[in-house]
Amino acid sequence: MPTANELTAEIIDFLTVGTRTGKLAYTASDGRPLVAPVWFTIDGGDIVFNTGSTTAKSKSLQRDGRVALTVDLEAPPYAFVQVQGTVEISHDPVEARRIATILGERYMGAERAAEYGARNGVPGELTVRIKASKVNSNFNLTG
C-alpha cells in the first residue's frame with residue numbers, strides 16, 4: 001500500500017471523481033472513536049468541507065484537530081484513499097459560502113450550487129481544511 005505525506009495528482013483524481021463522500025474519523029470528548037460522512041472538495045491542496053459550529057464533529061475538531069478521512073470505491077476493483085492529518089478551521093462566512101457552493105455543485109449539480117451555497121454558507125457554519133500528514137492508498141484491492 002503506497003504511503004505519502006501529501007495529496008499527489010493521482011490521489012486528487014481519485015478523490016474528486018464523481019460524488020464519493022468522505023468518512024471522517026474523529027474522537028468524542030470521552031475518547032470514543034466516531035465516523036461521520038462529509039461532502040468534501042480539494043481546495044489549495046487541502047481536503048475541505050463545511051460543518052456547523054455546534055455539531056459534535058465541530059466541537060471535536062476544535063478540541064482535538066487530529067483526523068482521518070477515508071474515501072473508497074465500493075465496486076470492483078475496490079479502492080481507497082485514507083488521509084491522516086490536522087485541521088485548520090475558519091469561521092469566515094464568506095469562505096463558508098464559497099466552499100458550500102462548490103460542494104453544492106459537486107454533489108447536487110450546477111443548477112443547485114447557489115441554493116446549497118446559500119443554505120450551508122451562513123454565519124455559524126465553519127470551513128474545515130485537512131492538512132495531510134500521511135496518505136495511504138490502494139487503487140486495486142482485488143488485484
Side-chain angles (χ1 to χ4, degrees), residues 1-110 112-114 116-117 119-143:
M1 170 174 23
T3 301
N5 57 6
E6 64 181 22
L7 302 180
T8 64
E10 184 179 31
I11 298 288
I12 290 171
D13 286 347
F14 179 86
L15 293 173
T16 57
V17 70
T19 57
R20 296 180 185 139
T21 57
K23 285 77 171 178
L24 182 75
Y26 58 98
T27 56
S29 60
D30 63 5
R32 287 174 295 127
L34 300 170
V35 176
V38 294
W39 288 2
F40 71 94
T41 191
I42 306 297
D43 185 68
D46 300 323
I47 295 173
V48 184
F49 62 93
N50 295 112
T51 190
S53 61
T54 61
T55 65
K57 178 174 40 195
S58 168
K59 291 175 184 176
S60 171
L61 298 177
Q62 292 181 75
R63 181 184 64 256
D64 180 350
R66 297 174 296 167
V67 296
L69 181 110
T70 297
V71 178
D72 63 336
L73 173 61
E74 297 178 351
Y78 302 102
F80 77 92
V81 168
Q82 178 198 72
V83 178
Q84 300 172 31
T86 56
V87 298
E88 289 181 359
I89 298 173
S90 170
H91 296 264
D92 178 5
V94 173
E95 179 68 354
R97 188 176 192 128
R98 182 179 78 82
I99 295 299
T101 302
I102 291 168
L103 295 174
E105 181 173 354
R106 177 176 183 191
Y107 289 92
M108 298 304 296
R112 298 193 69 191
Y116 274 82
R119 187 187 98 180
N120 296 336
V122 296
E125 196 73 9
L126 306 178
T127 302
V128 179
R129 292 184 168 276
I130 300 175
K131 301 290 190 176
S133 58
K134 185 175 183 180
V135 181
N136 297 312
S137 63
N138 189 324
F139 296 117
N140 185 354
L141 290 166
T142 59

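Keep in mind that this is a model prediction, so the values were computed, not measured. When reading the values below, keep in mind they use all heavy atoms of this one structure, side chains included, and skip hydrogens, waters and symmetry mates.
- Expressed to the nearest 0.5 Å, how far CG of D46 lies from CD1 of I42 amounts to 8.0 Å.
- Taking both residues in full, the closest heavy atoms of E95 and S90 are given as CB-OG, 4.3 Å, listed atom of the first, atom of the second, then distance.
- T86 contributes atom OG1, which lies 12.5 Å from atom CZ of R129 (distance to the nearest 0.5 angstrom).
- Aromatic ring orientation, F139 versus F14: tilted (interplanar angle from 30° to 60°).
- Side chain of N120 to main chain of A100: no donor-acceptor pair is present (N/O by atom type, distance under 3.5 Å, no hydrogens or angles).
- Taking the side chain as every heavy atom from C-beta outward, S60 and L34 never approach each other to under 4.5 Å.
- At a threshold of 4.5 Å between non-hydrogen side-chain atoms, the residues F49 and I99 do not count as touching.
- There is a side-chain donor-acceptor pair under 3.5 Å between S58 and Q62.
- Contact annotation: the side chain of L141 never approaches that of L73 to less than 4.5 Å [non-hydrogen atoms, C-beta and beyond].
- Contact between V128 and L61 at its shortest, heavy atoms only, is CG1-CD1, 4.0 Å.
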CA sep, side-chain torsions, deciding dist, call: V135, T8, side chain to side chain contact (heavy atoms under 4.5 Å, CB included): CA-CA 9 Å; V135 181; T8 64; over 6 Å; no

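- Within the model, atoms CG of L69 and CD of Q84 stand 11.0 Å from one another, a figure rounded to the nearest 0.5 Å.
- Looking at heavy atoms from C-beta onward, K57 lies in side-chain contact with V38 at the 4.5 angstrom threshold.
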Could you walk me through whether H91 and L126 satisfy the side chain to side chain contact (heavy atoms under 4.5 Å, CB included) test, starting with their C-alpha distance in whole Å, then the side-chain angles of each, then the deciding distance to 0.1 Å, before giving a yes or no? CA-CA 5 Å; H91 296 264; L126 306 178; 3.1 Å; yes

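- Between atom OG1 of residue T55 and atom CG of residue N50 there is a gap of 11.0 Å, rounded to the nearest 0.5 Å.
- By the salt bridge (charged side-chain N to carboxylate O under 4.0 Å, His left out) test, R106 pairs with no residue at all, sequence neighbours left out.
- When all heavy atoms of T101 and G117 are compared, the closest pair comes out as OG1-CA, 3.2 Å.
- The line from CD of Q82 to CD1 of I11 is 11.0 Å long, rounded to the nearest 0.5 Å.
- Between Y116 and L103, every side-chain heavy-atom pair lies at or beyond the 4.5 Å cut-off.
- Note on residues 17-27: pairs passing side chain to side chain donor-acceptor pair (under 3.5 Å), not counting sequence neighbours, are K23-D72.
- Counting non-hydrogen atoms of neighbouring residues, nucleotides and ligands closer than 6.0 angstrom, the CZ atom of R63 exceeds 12 such neighbours.
- The shortest distance between side-chain heavy atoms of T142 and N140 falls below 4.5 Å.
- Taking the side chain as every heavy atom from C-beta outward, F40 and I130 never approach each other to under 4.5 Å.
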